[in-house]
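This report concerns only the one structure given below.
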Amino acid sequence: MSDPIRVLVTGAAGQIAYSLLYGIAKGDVFGKDQPIILILLDISPMMTVLNGVVMELQDCALPLLIEVIATDKEEVAFADLDVAILVGSMPRREGMERKDLLKANVSIFKSQGAALEKFAKKTVKVLVVGNPANTNCLIAAKSAPSIPKENFSCLTRLDHNRARSQVAMRVGVPANDVKNVIIWGNHSSTQYPDIHHAKVNIQGKEVAAFEAVKDDSWIKGDFILTVQQRGAAVIKARKLSSAMSAAKAICDHMRDIWHGTAEGESVSMGVYSSGNSYGVPDDLIYSFPVTIQNKSWKMVEGLEINDFSRGKLDATAAELVEERNTAVSFLGE
């Protein structure tokens, strides 16, 4: 057995965390021989609920779970972290302007970034899930200047999984037989799900997703809209936001960071854009295709971007630039 790692989940009394914690604690993410100390952070009014979550984790009798710490204090939560999964954020309430939502979240992620800077290991891997995830991630990274920007990422794996699944259902294969779909840009309705470079395994033969689907109008129309608006569709049907699928995507994302991506396979992650070769402005957290080895991601370079895709990449970048500029204006407050 190796030494235990310290893994933080924020918003730990919420419904995504409820679906997520069991997967982490039983070894689905960091490996079946990796002991874990789980730290659960939530706001003070949620501590009673959080204590119930702790009881359930204890009652699972999981061999890898060394300790569970429930807290409402950042200095306890962020101490010596190996991994921080920042799920908790201010949700958009009825009648709330996007600007007000950004302002509320800037204050949360500025504070959590400062706590990472002060208390966590400099090698900590930080995944931001709470929306608006890309901009929240950027604010956290800016507030932790001594932690490498490459250590911060935001979750677009849920969108990636949604895109993969839509193609699989369309073609009639398991989702596992679809690879290298790409989510470009913001985890919002401007994101661009792209299958120009995706492959589908059909009866043992790898073919281009475009050839497998054979329906250009679906690829450029309903497919993109379905993936972009899937979260809203789930809320409409379930009266609650995606939790099971979000938790699965978080596990997928962190497992790939920890163990690497398969040979010839890329995944989508919101990462620091500076120096990219796709004409995306610097200093954003933007979703790109990446491969991962030795806990480090590398952008997939040199993919051809046609005119249709170019317009989509630029539109989602423009939204992120506007979000960033608004959020950064609140940073000094």
Side-chain angles (χ1 to χ4, degrees), residues 9-23 42 46 49 53 85-105 108 127-137 154-172 174-175 178 181-195 213 215 217-253 268-270 287 312 315-316 318-320 322-323:
V9 176
T10 72
Q15 58 152 356
I16 291 177
Y18 194 74
S19 290
L20 170 67
L21 293 168
Y22 178 66
D42 216 311
M46 296 306 290
V49 174
V53 175
I85 302 172
L86 308 182
V87 179
S89 65
M90 166 74 80
R92 192 166 185 168
R93 302 221 165 90
E94 213 175 325
M96 199 180 208
E97 296 277 328
R98 191 165 177 81
K99 199 172 107 169
D100 298 329
L101 180 70
L102 273 170
K103 189 171 187 175
N105 279 299
I108 293 168
L127 167 58
V128 176
V129 179
N131 288 319
N134 298 59
T135 300
N136 287 344
C137 185
C154 86
L155 189 75
T156 55
R157 185 59 169 267
L158 177 51
D159 311 299
H160 178 100
N161 288 349
R162 286 166 171 164
R164 201 175 173 185
S165 182
Q166 288 299 316
V167 172
M169 289 190 293
R170 188 80 181 180
V171 178
V178 179
V181 301
I182 302 168
I183 303 296
W184 299 98
N186 200 0
H187 174 63
S188 75
S189 60
T190 68
Q191 63 173 263
Y192 172 42
D194 175 10
I195 64 166
V213 172
D215 187 342
S217 63
W218 180 78
I219 290 167
K220 289 181 173 174
D222 283 352
F223 164 70
I224 291 175
L225 282 172
T226 299
V227 177
Q228 286 175 335
Q229 297 171 9
R230 188 67 161 187
V234 170
I235 290 173
K236 191 175 177 191
R238 221 172 76 87
K239 311 293 180 264
L240 290 164
S241 59
S242 311
M244 188 194 331
S245 54
K248 161 70 164 54
I250 294 165
C251 288
D252 291 347
H253 179 117
S268 307
M269 272 169 50
S287 184
K312 300 284 188 191
T316 191
E319 181 182 58
L320 278 169
E322 191 186 338
E323 264 187 30

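Computation of the quantities below employed the complete heavy-atom set of this structure, encompassing side-chain atoms and omitting hydrogens, waters and symmetry-equivalent molecules. Quantities reported herein were computed from a predicted structural model and do not represent experimental measurements.
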### Query
Strictly by modelled atom types, are Ser287 and Gln191 linked by a side-chain donor-acceptor pair under 3.5 Å?
no
### Task
Answer yes or no: is there a side-chain heavy-atom contact under 4.5 Å between Pro193 and Asp159?
no
### Message
I need the minimum non-hydrogen distance between Ser188 and Glu319, along with the two atoms involved.
### Response
OG-OE1, 2.5 Å
### Query
With a 4.5 Å heavy-atom cut-off, do Gln166 and Val181 have their side chains touching?
no
### Query
With sequence neighbours excluded, what pairs up with Lys312 under the side chain to side chain donor-acceptor pair (under 3.5 Å) test?
none
### Query
Which heavy-atom pair separates Asp42 from Ala12 by the least distance, and what is that distance?
OD2-N, 3.2 Å
### Message
Heavy-atom count check: over 12 atoms from other residues, nucleotides or ligands less than 6.0 Å from Met244 CE?
### Response
no
### Nearest atoms (heavy-atom pairs only) where Ser19 meets Ala243
CB-O, 3.9 Å
### Task
Please examine the side chains of Thr156 and Trp184, heavy atoms only from C-beta on, and report whether any two atoms are closer than 4.5 Å.
no
### Query
Going through the checks in order, is the side chain to side chain contact (heavy atoms under 4.5 Å, CB included) test met by Leu86 and Asn136?
CA-CA 10 Å; Leu86 308 182; Asn136 287 344; over 6 Å; no
### Ile183 backbone acceptor or donor facing Ser268 side chain under 3.5 Å
yes
### Message
For Leu127 versus Leu155, what's the shortest heavy-atom pair and its separation?
### Response
CD1-N, 3.7 Å
### Message
Holding to side chain to side chain contact (heavy atoms under 4.5 Å, CB included), I want the full list of residues that pass it with Asn131, two or more places apart in sequence or in another chain.
### Response
Ala133, His187
### Query
Between Ser242 and Arg162, does any side-chain donor sit less than 3.5 Å from a side-chain acceptor?
yes
### Query
Which pair of heavy atoms, one from Tyr192 and one from Ile224, lies closest together, and at what distance?
CE1-CD1, 3.8 Å
#### Entry: Distance, nearest 0.5 Å, that separates CG of Asp100 from CG of Asn105
11.5 Å
## Note on the structure
Distance col, row His160:NE2 vs Met269:CE, nearest 0.5 angstrom, shows 11.5 Å
### Task
Kindly indicate, with the supporting measurements, whether the criterion side chain to side chain contact (heavy atoms under 4.5 Å, CB included) is fulfilled by Ile108 and Thr10.
CA-CA 11 Å; Ile108 293 168; Thr10 72; over 6 Å; no
### Query
Taking atom NZ of Lys220 and atom CD1 of Ile195, what is their separation to the nearest 0.5 Å?
11.0 Å
### Closest approach of Leu101 to Pro132 (non-hydrogen atoms, all atoms of both residues)
CD2-CD, 4.3 Å
### Message
For Val129 and His253: C-alpha separation, side-chain torsions, deciding distance, then whether side chain to side chain contact (heavy atoms under 4.5 Å, CB included) applies.
### Response
CA-CA 11 Å; Val129 179; His253 179 117; over 6 Å; no
### Task
Indicate yes or no: at least one non-hydrogen side-chain atom of Ile16 is less than 4.5 angstrom from one of Ile250.
yes
### Task
Give a yes or no answer on whether the side chain of Ser165 reaches the backbone of Asn161 with a donor-acceptor pair at less than 3.5 Å.
no
### Query
So do the side chains of Arg170 and Asp215 get within less than 4.5 Å of each other, counting heavy atoms only?
yes
### Query
Could you give the distance from CD (Gln228) to OG1 (Thr190), rounded to the nearest 0.5 Å?
7.5 Å
### Query
With side chains defined as the heavy atoms from C-beta onward, is the minimum distance between Ile85 and Leu20 less than 4.5 Å?
yes
